[in-house]
Amino acid sequence: MTELWHEIFYGSLPFLRYAFIVGLLASVAFGIIGTFVVTRRITSLAGAIAHCVLGGIGAAMFFRVEYRLNWCQPLFGAIVAAVIAALVIGFVSLYARQREDTIIGAIWAIGMATGLLFLARTPGEVDLHSYLFGNILLIAQEDIYVTLILDAVIILPAILLFNNILGVCFDSDFSELRGVRVKLIYFVILIMTALTIVLMVNIVGIIMVIAMLTLPAAVAGQFTRRLWSMMLWSVILSVLFTSSGLMLSYKIEMPSGPTIVVIAGVCYLGALIYRKVQSLRIK
Amino acid sequence: MKKNNIIEIRDLDFSYENNLPVLEKVNLTFRELESACIVGPNGGGKSTLLYLLLGLLKPVRGRITVFGGTPAEARRYIGYMPQYIHLDHEFPVCVSEVVMMGRLRRGFWGRYSRQDRAAAQEAMAEMAVEHLARRPFADLSGGQRQRVLIARALTCNPKLLLLGEPTANIDPGMQEQFYETLYRLNQRMSILTVSHDLGFVSNRIDSVICVNRTVQVHPTNELNGNLITDIYGYDVSLIRHDYRCDHPGEHGHD
């Protein structure tokens, strides 16, 4: 164990160190936003945003190569696509109640398809696999700063707007009657979710974003009875899942994204079973 | 003293996007410090009427005035209690946090002041849920949740209390107690409640607003079996609450 620790922090593999630090920092956003996603029940919306990110990445890479726009980095495309997707999906879920799931499904697929088309037209080798399933080898030193900035952008509104967000998540009709700008708060939650998803893409990949967003919060939700403690425990669990997943994947030479998700998933199932057994025992 | 009309509805029609009429030609007035129970079959338009009064839905035709203004303007005078089955039963929130939501307001940050906390404390005392303040909302019984949600509505300092199906899932013993509480609150505010079961209209309530696409208002003492069959379109069992078995010289249930 100490050997592994040493390897991570002093070893010859800087990417492992960066991945570890980015994982720790990003976990703060994962836990807080995951709690909103789980309690507000917008998992499918988050999934659709995640898949639209590929559209942004594809477009950014295409324009960068084809038109030599050097500033047009995949990360930039990912952020733009995630925020646009969050806005569109927000409008759909507010104003198209009856066909909501159909439209969300369509956006999910169209976002992904657009990305694949752009990538198909992008000259040169494109590592699609890394974006879909995550690749910690892609994490560089500057990602630490990007993660820090996004963390700040995500966490500040969550703290400052806590009471409003709690009200909107628990009972949005009532909050609206009290004059809270329910729709604005809803969009703030969706945009924070979108930015969190961008952070997750490198670590677990687009396909598994939903798992990383919901599983820590779902485990925490089994044992906590207040929103803030659910957030706190989701952050702690996110840290545990990502760091143990990274270490284990390195040790057993398996891809990191799936390893993290399997650890989180097993813990979730364990938590469910534990709760079930406990409730039977009380009866 | 002449009591002012706080709700006036004139020739209101409402339908959802499918254009099937939900409410037709509704006329209704409701005065200060009155109490009324909105009853009618499921799908008859009770909740729709409530949402129209709150300004969450807009009438297709006709006019609603609440406290002399539009329903949206009148919201700050209204304490609303939703049907709690519409709320997430597992939501991680404690009782005092729920009650504090009555003090949410416009303004971006939504911080609570000392007065807000005091108002919540007072409302919890009024509804006898102070001792539950730290308890998770999810762990409460139906009756306790209902009292907490009324406490939340009271922290808004309402002139009108709007209660959505407050008697659902409450055992009969609690219902009696609940109506005592409403009677007490009615001394200082108007109360409109929605109920799906007519059996539970107490004689302490001034009138019954029957909603089944059209709206008719009856003083409580006019209610009888024929009228109820008319309202619902079929026989329902009627239990009268204005008889007390323990009073000498009076009959039991008829």
Side-chain angles (χ1 to χ4, degrees), chain A residues 31 34-42 94-99 156-185 187-188 217-234 272 275 279 282, chain B residues 16-18 47 50-51 53-57 71-84 86-113 116 134-140 149 152-153 155-158 162 164:
Chain A
T35 301
F36 293 150
V37 170
V38 168
T39 54
R40 187 66 176 74
R41 301 183 180 216
I42 49 171
L94 284 177
Y95 298 106
R97 289 247 161 104
Q98 319 207 338
R99 287 267 171 270
L156 269 178
I159 293 170
L160 293 172
L161 297 171
F162 185 83
N163 291 333
N164 281 336
I165 294 177
L166 178 67
V168 169
C169 289
F170 178 67
D171 188 349
S172 75
D173 275 355
F174 184 86
S175 304
E176 185 171 354
L177 294 175
R178 295 326 304 158
V180 174
R181 273 169 283 197
V182 168
K183 287 174 185 150
L184 182 67
I185 298 284
F187 278 107
V188 169
V219 177
Q222 297 294 317
F223 303 101
T224 53
R225 294 308 181 78
R226 300 284 290 276
L227 196 68
W228 62 263
S229 66
M230 184 169 166
M231 285 177 177
L232 190 68
W233 279 104
S234 313
L272 283 183
R275 281 276 301 215
S279 71
I282 288 166
Chain B
Y16 289 98
E17 280 147 29
N18 56 18
S47 309
L50 204 64
Y51 287 147
L53 288 172
L54 290 167
L56 292 172
L57 293 174
E73 288 163 355
R75 280 172 186 171
R76 59 199 154 116
Y77 305 118
I78 297 176
Y80 171 59
M81 178 199 135
Q83 258 179 290
Y84 74 73
H86 288 327
L87 300 174
D88 182 349
H89 285 210
E90 286 169 27
F91 199 94
V93 63
C94 77
V95 167
S96 64
E97 283 174 318
V98 173
V99 176
M100 287 298 290
M101 284 175 200
R103 304 296 285 193
L104 285 173
R105 58 180 89 81
R106 200 169 195 91
F108 200 62
W109 304 117
R111 297 274 110 186
Y112 294 129
S113 68
D116 293 337
R134 317 299 298 170
R135 288 270 293 278
F137 187 69
D139 288 358
L140 305 185
L149 292 177
R152 178 176 74 163
T155 58
C156 312
N157 279 330
L162 275 186

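Letters go in sequence order (proteins before strands), and every chain restarts at 1. Computed from a predicted structure; not experimentally measured. Quick note: numbers below take in every heavy atom, side chains included, and nothing from hydrogens, waters or symmetry partners.
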- Query: Once the angle between the rings of B:Tyr80 and A:Phe174 is folded into 0 to 90°, is it parallel (under 30°), tilted (30 to 60°) or perpendicular (over 60°)?
  - Reply: parallel

- Message: Nearest 0.5 angstrom please: B:Leu87 CG to A:Phe170 CZ, how far?
- Response: 4.5 Å

- Query: With A:Arg275, which residues qualify under salt bridge (Lys or Arg N to Asp or Glu O under 4.0 Å), at least two apart?
  - Reply: none

- What's the verdict on side chain to side chain contact (heavy atoms under 4.5 Å, CB included) for B:Asp88 and A:Arg41, showing C-alpha distance, side-chain angles and the deciding distance? CA-CA 10 Å; B:Asp88 182 349; A:Arg41 301 183 180 216; 3.1 Å; yes

- Note on the structure: The salt bridge (Lys or Arg N to Asp or Glu O under 4.0 Å) partners of A:Asp173 (sequence neighbours excluded) come to none

- Query: For B:Tyr112, is it the side chain, the backbone, both, or neither that has a heavy atom closer than 4.5 Å to a heavy atom of chain A?
  - Reply: both

- Message: side chain to side chain contact (heavy atoms under 4.5 Å, CB included) for A:Thr39 and B:Glu90? Distances and angles first, verdict last.
- Response: CA-CA 9 Å; A:Thr39 54; B:Glu90 286 169 27; over 6 Å; no

- Max heavy-atom pair count under 4.5 Å with chain A, selected residue of B:Ala138, B:Gly102, B:Gly55: B:Gly102

- Task: To the nearest 0.5 angstrom, please state how far the CG atom of B:Leu104 sits from the CD atom of A:Glu176.
- Result: 12.5 Å

- Task: Quick one: which of A:Gly221, A:Pro157, A:Cys169 has the most heavy-atom pairs under 4.5 Å with chain B, could you say?
- Result: A:Cys169

- Message: side chain to side chain contact (heavy atoms under 4.5 Å, CB included) for B:Arg152 and A:Asp171? Distances and angles first, verdict last.
- Response: CA-CA 12 Å; B:Arg152 178 176 74 163; A:Asp171 188 349; 2.7 Å; yes

- Query: Can you say whether B:Arg111 sits under 4.5 Å from chain A via the side chain, the backbone, both, or neither, judging by heavy atoms?
  - Reply: both

- Task: Find the distance between CG (A:Leu227) and CD (B:Glu97) and round it off to the nearest 0.5 Å.
- Result: 7.5 Å

- Message: I need the B:Phe91 CZ to A:Leu166 CG distance, nearest 0.5 Å.
- Response: 5.5 Å

- Message: Rounded to the nearest 0.5 Å, what separates atom CZ in A:Arg178 from atom CE in B:Met101?
- Response: 13.0 Å

- dist B:Arg134:CZ -> A:Arg226:CZ (nearest 0.5 Å) comes out at 5.0 Å

- Task: Flag the one option from A:Leu177, A:Val38, A:Val180 with the top tally of heavy-atom pairs under 4.5 Å to chain B.
- Result: A:Leu177

